Amino acid sequence: LTANDPGLCALTDLVEEKLGQLIGVEHPLQTDRAAAYSLLAGGKRIRPLLLLKTAAMSQVPIDDSLPFALALELIHTYSLIHDDLPAMDDDDLRRGRPSCHRAFDEATAILAGDLLLNLAYETVLQALLTDASLNRIEAAGLIAHAAGRSGMIAGQAMDLICEVDRSDNEEALDYLIRLQTKKTGALIEAAVIAGATLGGAPEDWLELLSFFSRALGRVFQLQDDLLDVTGSEASLGKTAGKDARDGKLTFVTLLGIDETKRHLNEQIQVIRSSLAELEAAGAKTEHLLPLIDAILKREA
Ligand code: IPE
Ligand code: IPE
Ligand code: MG
Ligand code: MG
Ligand code: MG
């Protein structure tokens, strides 16, 4: 993520360093090497940053929120490794390098994804061993739920087996929004709500943050679908122009570029107004602003 804010750059470096420590340098098996290869390939780290920043709104010490943030990134990276497999999107490029199954092989990539997913829960459970307050248990549950059968995995399933009549525009858009809310939205919402939950945020903040994070998740996928057609392989670090070629149902393939941009601007307004409402409710949104600006300006 390109950020001008020194605090945000330092926090990204910290996430990077901690992910490195977590995956370690001892990689006796090819599966370990494959997991480290994909994890340390320089993603934007948006989900861990969101969790750390929303926890910081309630003064949670960084060491207390880090394990949950790292777990989210581990889950996200596993989802990308599997997303690129030939049985799913069959993508050769990820984070500017050959995707995991291209650099290694398919079986290794499947296991590397499994390894990262498992490591996520090991990390969270280890953190609960030192402090198992109810807020921390609830945050762990939110992350697990978002990654699962009615969250990210459900979204991936809806994306792969698109069970909707595409000639009915209204029905297709409704399906696409439900798909997106799970596929991309669930982990982004979990990042924000788990962070706030760790800090014991009051009910009215949680409600506003939930509204805010859903708009942010939508924005993120609208951008992803736009970047697929407007971005280049070099800038994205992943294959461009793939969605139309693969016959994917995306905001751009369904609505076209202009209408997708209109939706994007509408959701950006929702983000701005919910941040203003949060501030009015006493939340310190300055913790979030540089990150949100960087996300809204992203070109990769
Ligand atoms: C890409 O996620 C996949 C989607 C959920 C659209 P990111 O754009 O966050 O990917 P990285 O982590 O920066 O590589
Ligand atoms: C992938 O969505 C989302 C998850 C991995 C959960 P996409 O298939 O659109 O992501 P990219 O475009 O390959 O990064
Ligand atoms: Mg996909
Ligand atoms: Mg994909
Ligand atoms: Mg995409």
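In this text the structure is predicted, and so the values were computed from the model without any measurement. Both ligands and their constituent atoms are indexed starting at 1 by order of listing.
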Handout entry: ligand 1 N/O within reach of Arg94 N/O, cut-off under 3.5 Å
Key = no
Practice task
If you have a sec, work out which protein heavy atom is nearest atom 14 (O) of ligand 2 and how many Å separate them, to one decimal?
Solution key: Lys238 NZ, 2.5 Å
Exercise for the section: Decide whether an N or O pair under 3.5 Å exists between Asp83 and ligand 2. Expected result: yes
Completion exercise
Checking heavy atoms under 4.0 Å, the part of Gln156 that sits near ligand 2 is side chain
[X] and ligand 1 - part of the residue with a heavy-atom distance under 4.0 Å:
X: Lys183; value: neither
X: Arg95; value: side chain
X: His76; value: side chain

Handout entry: Glu16 bridged to Arg45 by N-O distance under 4.0 Å
Key = yes
Exercise for the section: With atom 8 (O) of ligand 2 as the reference point, say which of Leu80, Asp246, Asp89 has the nearest heavy atom. Expected result: Asp89
Handout entry: Numbered atoms and elements of ligand 1 in range of Lys44, under 4.0 angstrom, heavy atoms
Key = 7 (P), 8 (O), 9 (O), 10 (O), 11 (P), 12 (O), 13 (O)
Fill in the blank from the handout: Tested for side chain to side chain donor-acceptor pair (under 3.5 Å) against Lys248, the lone hit among Asp89, Asp243, Thr253 is Asp89
Practice task
Tell me, please, if Asp83 has any N/O/S atom, main chain or side chain, under 2.8 Å from the Mg ion (ligand 3)?
Solution key: yes
